[in-house]
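Report on the structure given below.
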Amino acid sequence: MQRTRIREILASEAGGPVLLKGWVRTRRDSKGFSFLEINDGSCLANVQVVADHTPELLPALEGVGTGAALAVSGELVESPAQGQRWEVRAASIEVYGLADQEAFPLQKKRHSDEFLRTIAHLRPRTNKYGAMLRVRSEMALAVHDFFRQRGFFHVHAPILTGSDCEGAGEMFRVSNLEAEKAAAMPPEVRAAEEFFGRPAGLTVSGQLEAELMALGLGSVYTFGPTFRAENSNTPKHAAEFWMVEPEVAFADLADDMDLAEGLVRHLVRHALDHCAADLALFGNFVDKTLLPTLENILARPFARLTHAEAIAVLKASGRSFEFPVHETSDLQTEHERFLCEEHFKRPVIVYDYPKEIKAFYMRLNDDNRTVAAMDLLVPRIGELCGGSQREERLDVLARRMAEYGLPEEPYWWYLDTRRFGSVPHAGFGMGFERLLMLVTGIANIRDVIPYPRTPGHLEF
RNA sequence: UCCCCGGUAGCUCAAUCGGCAGAGCGGGUGACUGUUAAUCACUAGGUUCGCGGUUCAAGUCCGUGUCGGGGAGCCA
């Protein structure tokens, strides 16, 4: 007999013989029989197994408690008691693996996030992390869904890179040389000895390569791991995270903002439609305001305003901020939160930033002071997407690189795309984990990625 | 990296002015014929994060290290 997943068992229309396999969440004993709540990860809900203390079943129940892995075959029947429609009346139980109750760290009670992080190898067996992982999978599918519907192609940008200064953060160095020997080598000897014949690192962004492919395929996106060696110790930064980076030819900043807003709306809609049970868990136990927050995101268009207008709003607010508001400075976290949580009470897109505070590849506006950049801010998390129209004019791009002190030679291929058939184009990056934080209400990035990599942490 | 807060039983936490180390949950044993984080009774369980110091006496005060959390910066 083939095993049936609990998700399907609970959706059954009729009873009958059934084989299920999973892990015991709780066991309750009465005189003469036991209740076992079994979960197999296929959905949030458990199925209740009723096991009579018969001569056949009683020995199998010996030592079975929270965490034990079992196969149960029996009869799916309508449950006579409140609380569940179906239950399984066990005919035989096979134990795959017991879990010593003295030593098994997961108990049938609420655990703190901090504790569960220390046992991340067992976290997938909890309601909250099981739900998170199912939503994560569903959201990844929805990303591909969104872009496919719009004629985008999924492209793979390299993870190993030789571009030293993409301007997006500190890079992890990659080398196949023994560290001590390499350190003793003079730089030119070392470069020659390196696997790639030059310094290499892990990508901090697939954007530049995505641009190259957009300028041929039209509309592309990357969706892959990204690495930043920043010593950031915050609930929204990780050293390894997944980023979605669309890049669109023949598109300007307005198109870019429409795309970002469309993506976020699509993903929130998809979560509400396809992950209802898991989202309800987050709404009950993680963030009481989650579902209203998500509905509110869908209810109205996002607010859009220029950086200059944002500064004016902040100044007019009469609020005293810890960091004073200034025309040429970037928005601080407190400013971002004021804008979307208090002033607009919805997601906000800020665009046209002063050129001094943004990257070299962003398109210079006609005012010569600002660039066509945009940040999409959401309540609680802050920056979810950051993007821009790219500078497609060779002379302006070269001048901007010079202003940033960047040598042209390593970027010859990037500049070539502006030399041959250059077109206006735009794109952005969306932090996938930050999206998951938005959709689940989970407050720490370490809890929306299975095995988080942060400064000093490489366990599991 | 900077600022603030914390580390006490397996987990979550209490312990008054520096004066005998405590609870709930979880575990174990037993009871109960339909439980829903079952209930009831009994029971075991401690290097109070490490090191050093002050004191008759330190979970409590001081120094230092370490780990965790929150905030900031960097950004997605």
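What you see below is based on every heavy atom in this structure, not just the backbone, and it leaves out hydrogens, waters and symmetry mates.
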Quick tally for nucleotides 6-12 of chain B: nucleotides whose base has a protein heavy atom under 4.0 Å get B, sugar-phosphate-only ones S, the rest -, giving ----BBS

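Only the C1' atoms considered, B:C51 is 26 Å distant from B:C2, to the nearest whole Å. Spacing between B:U66 and B:G30 at atom C1', rounded to whole Å, works out to 45 Å. Taking the C1' atoms as reference points, B:U39 lies 29 Å from B:G46, given to the whole Å.
Under the 90° criterion around 0 for the glycosidic angle, B:C17 counts as syn.
Here A:Glu87 lies in heavy-atom contact (under 4.0 Å) with a base. Using a 4.0 Å heavy-atom criterion, one finds that A:Ala238 contacts the bases of the nucleic acid, with or without backbone contacts as well.
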Kindly give the atom pairs (protein nitrogen or oxygen, nucleotide nitrogen or oxygen) under 3.5 Å for nucleotides 45-51 of chain B.
none

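Here B:C67 presents its C1' atom at 13 Å from CZ of A:Arg446, a figure rounded to the nearest Å.
Near RNA chain B, defined here as any heavy-atom distance below 4.0 Å, the residues from residues 15-52 of chain A are A:Thr26, A:Arg28, A:Asp29, A:Ser30, A:Lys31, A:Phe33, A:Phe35, A:Glu37, A:Gln48, listed numerically. Less than 4.0 Å separates RNA chain B from no heavy atom of any residue of residues 126-144 of chain A. For RNA chain B, the residues of residues 432-444 of chain A within the heavy-atom distance limit of 4.0 Å (strictly under) are A:Arg434, A:Asn444, sorted by number.
The shortest non-hydrogen separation linking A:Ile381 to A:Leu438 is CD1-N, 3.3 Å.
Listed by first and then second residue, the ring pair (Phe, Tyr, Trp, His ring centres under 6.0 Å) pairs that reach into residues 329-348 of chain A are A:Phe321-A:His335, A:Phe321-A:Phe338, sequence neighbours excluded.
At least one test fails for A:Arg125 against the ring of A:Tyr129: distance under 6.0 Å to the centre or angle within 45° of the axis.
Here the two rings, on A:Phe241 and A:Phe432, have centers that are 6.0 Å apart or farther.
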